[in-house]
Peer 1: 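Have a look at this one before I ask anything.
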Amino acid sequence: MTGAVFLLFGATGDLAKRKLFPAIYSLYREGKLNDRFAVVGLARRPRTNEQFRQDVLDSIQEFARYKADDDAGWASFAEHFSYMSLDIHDVNGFHQLRALTEELDRKFDTGGNRLFYLALAPELFGDVSFNLREGGLLDTSGYHRLVIEKPFGYDLPSAEKLNTQLRQVFEEKDIYRIDHYLGKEMVQNIEFVRFANAFFEPIWNNKYIANVQITLSETVGVEERGGYYDKSGALRDMAQNHMLQMLTMMAMEPPSRLHPEDIRDEKVKVLRSLRPFASAADVRANVVRGQYAAGEFKGKTLPAYRAEPSVAPESTTETFFAARVYVDNFRWAGVPFYVRTGKRLPVKTTEIVVEFKNVPDNVYLSRKHTLEPNLLVFRINPLEGIYMKMNAKQPGSEGVLVPVALDLCQSSKVGINTPEAYERLLYDATRGDSTYFTRWDEVAHAWQYVDQIAAAWAELGAEDLVLYPAGSWGPQRAQELLAENGFRWWPVNGQHEGEVEWETGTKAEAKVLR
Ligand SMILES: NC(=O)C1=CN([C@@H]2O[C@H](COP(=O)(O)OP(=O)(O)OC[C@H]3O[C@@H](n4cnc5c(N)ncnc54)[C@H](OP(=O)(O)O)[C@@H]3O)[C@@H](O)[C@H]2O)C=CC1
Ligand SMILES: O=C1O[C@H](COP(=O)(O)O)[C@@H](O)[C@H](O)[C@H]1O
């Protein structure tokens with residue numbers, strides 16, 4: 001890695017504490033960050049360097065994969081961290097920041113490279129960018145990269161406005177828009193599994209695939225983020241970004257080169273092929289929105305969304321979103337992609353299920369048996385791995401056909417050393433690899449799609465908003481979306497039952513699960 005000074009705006013905030021400090025430490029421990037780096041923590045509240053280093057240590061001990069258990073090792077890492085109190089509206093402060101950065105540049109030989117990480121409310125992104133330029137922070141010969149957090153706007157017009165502000169200071173190639181799902185191991189693995197296996201690519205189309213199901217379910221409610229979430233809702237918080245990104249990874253054409261721009265070009269083509277909604281009635285027929293009411297889960301009473309802190313008592317914000325989405329291109333014509341996400345659902349999981357079409361039903365086996373469809377499942381979170389469900393003869397029996405599972409559970413192999421999404425993304429940003437960051441046209445097309453739904457909801461009022469008990473799988477209508485096409489949601493989070501599991505390992509053996 002070439003050296004760099006990381007200027008971390010929002011260094012006293014939640015994201016820095018839970019994700020960014022641990023990620024920097026893991027990269028350091030794994031040798032992906034050499035000694036040519038410095039981190040400047042920036043926020044308004046006063047902290048001395050010592051207090052800041054203690055904050056970093058506390059965060060690492062609580063959240064990082066590696067613990068700081070060696071005093072000498074810790075001291076040499078901590079020496080790279082400084083803190084400066086700065087209000088992003090104070091341009092004079094940026095002049096002081098320039099002086100501090102130049103000093104660190106010399107001390108740690110970082111070659112004038114600067115990575116500006118904005119762990120701040122998005123309303124501040126534009127002002128920070130202008131002040132970085134005014135303060136002379138961009139007047140070096142090294143690279144100047146801007147890493148920004150979601151949400152990137154509230155709708156297409158606000159995203160365009162924000163983008164225009166950023167582009168007055170930074171070139172598109174230097175803007176790294178984070179979608180932390182793109183940093184997840186198994187999301188990155190989608191293209192490897194698809195494009196490196198001869199037996200998948202030929203059948204990855206509407207001739208063989210019946211439907212694709214993407215689930216991002218959470219057990220948590222809105223916690224202390226009610227103020228933000230009530231203005232956002234599941235559509236803007238999860239669907240516009242994480243969900244559509246995963247859909248593009250599943251649906252994109254193989255890029256001609258493994259170059260970031262080629263991959264992102266292919267993803268944009270998918271977003272451009274999403275079938276638009278014809279009317280509010282069309283949205284109503286294909287989209288489900290729900291909000292959690294009070295409920296009980298595992299013996300615990302859970303409050304209604306409207307009773308959560310900072311949420312309006314009459315709020316109509318959706319905490320559940322499901323949709324039937326079509327990608328109108330040659331490969332995917334007629335194949336529904338079902339997506340769902342929600343808070344206060346029964347399990348925390350992210351999974352993508354590909355359901356294949358059955359063999360013709362007039363052949364011997366399917367006439368004699370009820371065939372379960374083949375499934376390919378990408379387990380993204382919390383289990384990581386690939387799961388395949390197929391049909392085979394039950395060992396030893398007399399011609400009994402049973403569904404069997406091939407479970408390649410990566411989390412049990414890699415264990416706690418799976419690099420966190422933020423580690424990968426931060427590492428990529430230092431290397432100048434933007435593959436797993438979202439380019440502006442991806443963001444714009446995603447907003448365009450989502451804005452149609454938001455507009456229809458505004459037109460419909462709250463008439464299609466369904467309350468669901470906290471701890472349930474959301475509105476019944478989300479089941480009907482699939483039933484209308486003769487499908488059902490497959491169980492997620494390793495809850496496939498009644499199958500024979502073929503364990504992987506040196507000796508493959510079959511066992512009946514129940
Ligand atoms: N937390 C998370 O898990 C996730 C967060 N994000 C995004 O990351 C960003 C940060 O989130 P999060 O850390 O949770 O937010 P917090 O509210 O916890 O932190 C905000 C930070 O901004 C600083 N800040 C606020 N105003 C100013 C100002 N005028 N000048 C300088 N610093 C300022 C605060 O410090 P001080 O008050 O001392 O100035 C604080 O360090 C947001 O865009 C959020 O949407 C995205 C995904 C997940
Ligand atoms: O971006 C967000 O993601 C989290 C879920 O992330 P995960 O990695 O834990 O699956 C979600 O809770 C939050 O509302 C949203 O802003």
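Remember, it's 1-based here, ligands and their atoms both numbered in the order they're listed.
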Peer 1: Testing the 3.5 Å rule here: is there a donor-acceptor pair between the side chains of Asp230 and Tyr305?
Peer 2: yes
Peer 1: Hey, which atoms in ligand 2 end up nearer than 4.0 Å to a heavy atom of Lys348?
Peer 2: 7 (P), 9 (O), 10 (O)
Peer 1: Do the numbers put Arg53 on top of the ring of Trp74, so that NZ or CZ is under 6.0 Å from the six-membered ring centre and no more than 45° off the axis?
Peer 2: no
Peer 1: Without hydrogens or angle criteria, can the side chains of Asp105 and Thr110 be said to hold a donor-acceptor pair below 3.5 Å?
Peer 2: yes
Peer 1: Considering the heavy atoms of Asp237, write down every atom of ligand 2 situated less than 4.0 Å from one of them.
Peer 2: 13 (C), 14 (O), 15 (C), 16 (O)
Peer 1: Between the side chains of Asn241 and Arg177, does any donor sit under 3.5 Å from an acceptor?
Peer 2: no
Peer 1: Does a donor on one side chain and an acceptor on the other come within less than 3.5 Å for Thr319 and Tyr468?
Peer 2: yes
Peer 1: Regarding Arg477 and Asp464, does a basic nitrogen lie under 4.0 Å from an acidic carboxylate oxygen?
Peer 2: no
Peer 1: What is the closest protein heavy atom to atom 19 (O) of ligand 1, and at what distance does it sit?
Peer 2: Gly13 CA, 3.4 Å
Peer 1: Considering the heavy atoms of Pro151, write down every atom of ligand 1 situated less than 4.0 Å from one of them.
Peer 2: 45 (O)
Peer 1: Can you name the atoms of ligand 2, numbered from 1 with element, that are less than 4.0 Å from a heavy atom of Asn381?
Peer 2: 10 (O)
Peer 1: For ligand 2, which atoms sit closer than 4.0 Å to a heavy atom of Lys150?
Peer 2: 1 (O), 2 (C), 15 (C), 16 (O)
Peer 1: Is there a donor-acceptor contact under 3.5 Å linking the side chains of Asn92 and Gln96?
Peer 2: no
Peer 1: Is the shortest N/O to N/O distance between Pro122 and ligand 1 below 3.5 Å?
Peer 2: no
Peer 1: Quick one: look up the protein heavy atom nearest atom 12 (O) of ligand 2 and list residue, atom name and how far away it is.
Peer 2: Glu218 OE2, 2.6 Å
Peer 1: Please report which non-hydrogen protein atom sits nearest to atom 10 (O) of ligand 2, along with the residue it belongs to and the distance in Å to one decimal place.
Peer 2: Tyr181 OH, 2.4 Å
Peer 1: Which of parallel (below 30°), tilted (30 to 60°) and perpendicular (above 60°) describes Tyr422 and His180?
Peer 2: parallel
Peer 1: Provide, to 0.1 Å, the distance between atom 13 (C) of ligand 2 and the closest protein heavy atom, together with that atom's residue and name.
Peer 2: Arg225 NH1, 3.3 Å
Peer 1: Can you name the one residue among Glu266, Glu172, Glu261 that meets salt bridge (Lys or Arg N to Asp or Glu O under 4.0 Å) with Arg439?
Peer 2: Glu261
Peer 1: What protein heavy atom sits nearest atom 25 (C) of ligand 1, and how far off is it?
Peer 2: Arg44 NH2, 3.5 Å
Peer 1: Find all atoms of ligand 2 within a distance of less than 4.0 Å from any non-hydrogen atom belonging to Lys343, and give their numbers and elements.
Peer 2: 11 (C), 12 (O), 13 (C), 14 (O)
Peer 1: Could you pull out the closest heavy-atom pair between Gly290 and Leu465, with the gap in Å?
Peer 2: C-CD1, 3.9 Å
Peer 1: Which of the numbered atoms in ligand 1 are under 4.0 angstrom from any heavy atom belonging to Arg45?
Peer 2: 35 (O), 36 (P), 37 (O), 38 (O)
Peer 1: Just jot down the ligand 2 atoms closer than 4.0 angstrom to any heavy atom of Lys184, in number order.
Peer 2: 7 (P), 8 (O), 10 (O)
Peer 1: How far is atom 3 (O) of ligand 2 from its nearest protein heavy atom, and which residue and atom name does that atom have?
Peer 2: His180 CE1, 3.4 Å
Peer 1: Tell me: protein heavy atom nearest atom 29 (N) of ligand 1, and distance?
Peer 2: Asp87 OD1, 3.3 Å
Peer 1: Side chain, backbone, both or neither: which part of Tyr229 comes within less than 4.0 Å of ligand 2 when only heavy atoms are counted?
Peer 2: neither
Peer 1: For atom 34 (C) of ligand 1, which of Thr12, Ile178, Ile148 has the closest heavy atom?
Peer 2: Thr12
Peer 1: Can you tell me which residue and heavy atom of the protein come closest to atom 44 (C) of ligand 1, and the distance to 0.1 Å?
Peer 2: Lys150 O, 3.7 Å
Peer 1: Ring of Tyr181, cation from Lys184 - is the NZ or CZ under 6.0 Å from the centre and inside 45° of the axis?
Peer 2: yes
Peer 1: Could you check atom 21 (C) of ligand 1 against the protein and tell me its nearest heavy-atom contact, residue, atom and distance included?
Peer 2: Gly10 CA, 3.6 Å
Peer 1: Can you list the ligand 1 atoms lying under 4.0 Å from a non-hydrogen atom of Ala119?
Peer 2: 9 (C), 10 (C), 21 (C)
Peer 1: Backbone or side chain, does any N or O of Leu15 fall under 3.5 Å from an N or O of ligand 1?
Peer 2: yes
Peer 1: At less than 4.0 angstrom from any non-hydrogen atom of His242, what atoms of ligand 2 do you find?
Peer 2: 1 (O), 2 (C), 3 (O)
Peer 1: Side chain, backbone, both or neither: which applies to Arg18 and ligand 1 if a contact is any heavy-atom pair less than 4.0 Å apart?
Peer 2: side chain
Peer 1: For ligand 1, indicate whether the residue Glu149 contacts it via side chain, backbone, both or neither (heavy-atom separation under 4.0 Å).
Peer 2: side chain
Peer 1: Students should be able to answer this: which protein heavy-atom is nearest to atom 18 (O) of ligand 1, and at what distance?
Peer 2: Asp14 N, 2.9 Å
Peer 1: If you take all heavy atoms of Leu8 and Ala16, which pair is closest and at what distance?
Peer 2: CD2-CB, 4.4 Å
Peer 1: Between Thr349 and Asn381 (side chain of the first, backbone of the second, donor and acceptor by atom type, cut-off under 3.5 Å), is there such a pair?
Peer 2: yes
Peer 1: Report the residues that fulfil side chain to side chain contact (heavy atoms under 4.5 Å, CB included) with Asp237, sequence neighbours left out, ordered by chain and then residue number.
Peer 2: Lys150, Arg225, Tyr228, Tyr229, Ser232, Lys343
Peer 1: Record the part of Asn241 in heavy-atom contact with ligand 2 below 4.0 Å; permitted values are side chain, backbone, both and neither.
Peer 2: neither
Peer 1: Does the ring of Tyr154 carry Arg236 above it, NZ/CZ under 6.0 angstrom from centre and within 45° of its axis?
Peer 2: yes
Peer 1: Considering Asp90, Leu120, Leu124, Ile88, which one's heavy-atom position lies nearest to atom 23 (C) of ligand 1?
Peer 2: Leu120
Peer 1: Side chains of Tyr117 and Glu149 only: does a donor on one sit below 3.5 Å from an acceptor on the other?
Peer 2: yes
Peer 1: Kindly say whether the aromatic ring centers of Phe94 and Phe130 come within a distance under 6.0 Å.
Peer 2: no
Peer 1: Test of understanding: given a 4.0 Å heavy-atom threshold, classify the contact between Leu86 and ligand 1 as side chain, backbone, both, or neither.
Peer 2: backbone
